[in-house]
Student: 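This is the structure I want to talk about, given as structure tokens.
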Amino acid sequence: MLKVKLFEGEKGLVMTGLVGFLLAAFTAVFIFIRGPIVLPEGNLGDAFSFNAAIGMFILSIAAILPLAGFSPRKRKVIRLLFIAASLYAYTIETIQHFRGLNPRFSREGSAMDIITGMVFGVVSLLLIILCFLLMIQFFRNKASHRPLLIFGIRYAFLSVLVANIAGVGMILLEGRFIGNAGNLIVIHGLGFHALQTLILLGWLLEKIQGKERLRKRMIHFGSIAWSLSILLIGVQTALGQSVFEFSLFPIAAGILLFAWFGIVIAAFVLVKSAREDLKAEQTFII
């Protein structure tokens with residue numbers, strides 16, 4: 001069986017992801033020159049972070065979509081839906097903030113601005129549905145020649161599920177804040193970053209030859225540590241408390257994140273050691 005490569009056949013998604021980074025860079029220059037606030041409701045800082053985040057998200061989807069095991073037709077549909085939803089999100093988020101309007105819940109805009117905000121909500125729900133379908137596909141797809149990477153992807157989508165729940169919460173609340181100091185955007189962002197952090201761990205571990213039992217333990221322990229930290233941050237947020245305060249749940253989440261980071265560092269060390277051993281062996285043979 002041929003090894004399916006990350007990003008294979010996903011030029012359209014890659015280009016769409018890069019559009020987000022270009023828009024973020026353009027917005028950053030404008031912020032540097034004029035500042036982030038555009039009256040009455042616009043905040044270019046939000047446009048910058050949103051475009052960069054969606055760009056990173058779409059690049060992550062481009063990386064893993066070839067491994068999902070979809071038929072060519074289904075894969076094409078999923079790809080086109082991700083591209084269309086992302087381009088709409090980029091457009092509305094950027095234009096509305098530059099116009100000084102809230103792209104989702106404007107109280108200063110016209111009827112058309114309210115409609116575009118409602119469509120934005122529908123597009124957000126579409127992205128959530130697409131993520132859910134991808135998660136189901138990766139859990140159903142048992143025949144994989146890259147098991148460690150697939151383990152990382154599966155765990156990543158569990159964190160993405162929590163992030164999407166936070167996203168739905170923001171839509172229902174028409175804002176990001178809950179309780180006294182809870183901020184749903186924190187859990188929303190961290191949850192989606194699992195598509196980089198846990199996939200990175202799986203990608204590193206599959207580069208190590210042998211040590212099968214150790215590699216499986218590392219992918220599971222690292223992914224579980226990350227997932228539990230996301231869950232604890234979610235609980236803290238649901239309680240209406242800041243995740244940056246010095247209390248039980250944030251401290252425990254921080255410890256788990258350090259545990260994940262330690263396993264990633266260990267994976268880097270093992271990869272480097274394996275490469276040095278291979279280089280020494282080749283030198284010896286010569």
Side-chain angles (χ1 to χ4, degrees), residues 15-60 83-128 162-193 195-196 233-234 236-246 250:
M15 296 300 294
T16 302
L18 293 177
V19 167
F21 288 108
L22 289 174
L23 287 172
F26 170 78
T27 306
V29 172
F30 199 92
I31 291 172
F32 179 77
I33 297 172
R34 299 287 299 274
I37 303 302
V38 181
L39 296 177
E41 300 174 312
N43 188 335
L44 298 182
D46 288 344
F48 167 81
S49 59
F50 179 87
N51 288 330
I54 292 295
M56 179 63 72
F57 167 70
I58 292 299
L59 284 177
S60 300
I83 291 174
S86 301
L87 292 178
Y88 181 87
Y90 288 147
T91 302
I92 298 304
E93 182 78 16
T94 305
I95 290 177
Q96 292 297 74
H97 276 300
F98 269 94
R99 292 179 63 215
L101 298 175
N102 186 316
R104 298 169 185 78
F105 313 111
S106 178
R107 291 179 171 81
E108 300 290 340
S110 65
M112 182 57 67
D113 295 314
I114 295 173
I115 292 173
T116 58
M118 293 172 63
V119 175
F120 203 162
V122 173
V123 169
S124 298
L125 290 175
L126 173 61
L127 288 172
I128 291 172
V162 176
N164 281 329
I165 292 173
V168 172
M170 287 189 286
I171 293 174
L172 296 176
L173 293 171
E174 296 188 2
R176 63 181 63 178
F177 297 103
I178 181 171
N180 295 326
N183 190 344
L184 291 169
I185 199 68
V186 177
I187 184 67
H188 186 66
L190 282 176
F192 274 108
H193 278 308
L195 287 172
Q196 295 90 50
I233 291 171
Q236 179 76 359
T237 303
L239 293 173
Q241 303 300 317
S242 171
V243 298
F244 302 107
E245 68 179 32
F246 197 72

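In this chain, numbering begins with 1 at the start of the sequence shown.
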Student: When rounded to the nearest 0.5 angstrom, what distance separates CG in Leu184 from CD1 in Ile171?
Tutor: 11.0 Å

Student: What pair of heavy atoms forms the shortest contact from Ser106 to Leu101, and how long is it?
Tutor: OG-CD2, 3.9 Å

Student: Which heavy atom of Ala47 sits nearest a heavy atom of Thr27, and at what distance?
Tutor: CB-CG2, 4.3 Å

Student: Tell me whether His188 at atom NE2 has more than 12 heavy atoms from other residues, nucleotides or ligands lying less than 6.0 Å away.
Tutor: yes

Student: Say you draw a straight line from CG of Asn164 to CE of Met170; how long is it, rounded to the nearest 0.5 Å?
Tutor: 9.5 Å

Student: At their closest point, which heavy atom of Gly100 faces which heavy atom of Pro40, and how far apart are they?
Tutor: O-CD, 3.1 Å

Student: Can a donor-acceptor pair be found between the side chains of Asn51 and Glu93 at a distance below 3.5 Å?
Tutor: no

Student: Taking Gly42's backbone N and O only, do any of them form a donor-acceptor pair with His97's side chain (distance below 3.5 Å, no angle check)?
Tutor: no

Student: Got a second to check how far Arg99's CZ is from Ile92's CD1, nearest 0.5 Å?
Tutor: 9.0 Å

Student: When rounded to the nearest 0.5 angstrom, what distance separates CD1 in Ile54 from CG in Leu59?
Tutor: 11.5 Å

Student: Quick one: are Ile187 and Val162 in side-chain contact, heavy atoms under 4.5 Å?
Tutor: yes

Student: Looking at Thr116 and Asp113, would you say the former's side chain and the latter's main chain have a donor-acceptor pair under 3.5 Å?
Tutor: yes

Student: Within this structure, what is the CD1-CZ distance for the pair Ile114 and Arg104, rounded to the nearest 0.5 Å?
Tutor: 15.5 Å

Student: Do Ser60 and Gln196 have side-chain N/O donor and acceptor atoms under 3.5 Å apart?
Tutor: yes

Student: Between Gln96 and Glu41, is there a side-chain donor-acceptor contact under 3.5 Å, judged purely by atom types and distance?
Tutor: no

Student: Under 6.0 Å from the six-membered ring centre of Phe50 and within 45° of its axis: does the NZ or CZ of Arg176 meet both?
Tutor: no

Student: For Asp46, is there any backbone N or O sitting under 3.5 Å from a side-chain donor or acceptor partner on Ser49?
Tutor: yes

Student: How many angstroms lie between atom CG of Leu44 and atom CZ of Phe98, to the nearest 0.5 angstrom?
Tutor: 5.0 Å

Student: Just so I know, are the side chains of Ile185 and Phe177 near enough to count as touching, which here means a heavy-atom distance under 4.5 Å?
Tutor: no

Student: Ignoring hydrogens, what is the shortest heavy-atom contact between Leu127 and Ala85? Give both atom names and the distance.
Tutor: CD2-CB, 3.7 Å

Student: Centre-to-centre under 6.0 Å for Phe26 and Phe48, is that the case here?
Tutor: no

Student: Do Asn183 and Thr237 have side chains that get closer than 4.5 Å, going by heavy atoms?
Tutor: no

Student: On a heavy-atom basis, which atom in Ile58 and which in Gly17 lie closest, and how many Å separate them?
Tutor: CG2-N, 3.7 Å

Student: Can you check whether Phe105's main-chain N or O pairs, donor with acceptor, with Asn102's side chain at less than 3.5 Å?
Tutor: yes

Student: Could you go step by step and tell me if Phe192 and Met56 meet the side-chain contact (heavy atoms from CB on, under 4.5 Å) rule?
Tutor: CA-CA 9 Å; Phe192 274 108; Met56 179 63 72; over 6 Å; no

Student: Return the minimal non-hydrogen interatomic distance between Gly191 and Ala163, and the atom names on each side.
Tutor: CA-CB, 3.8 Å

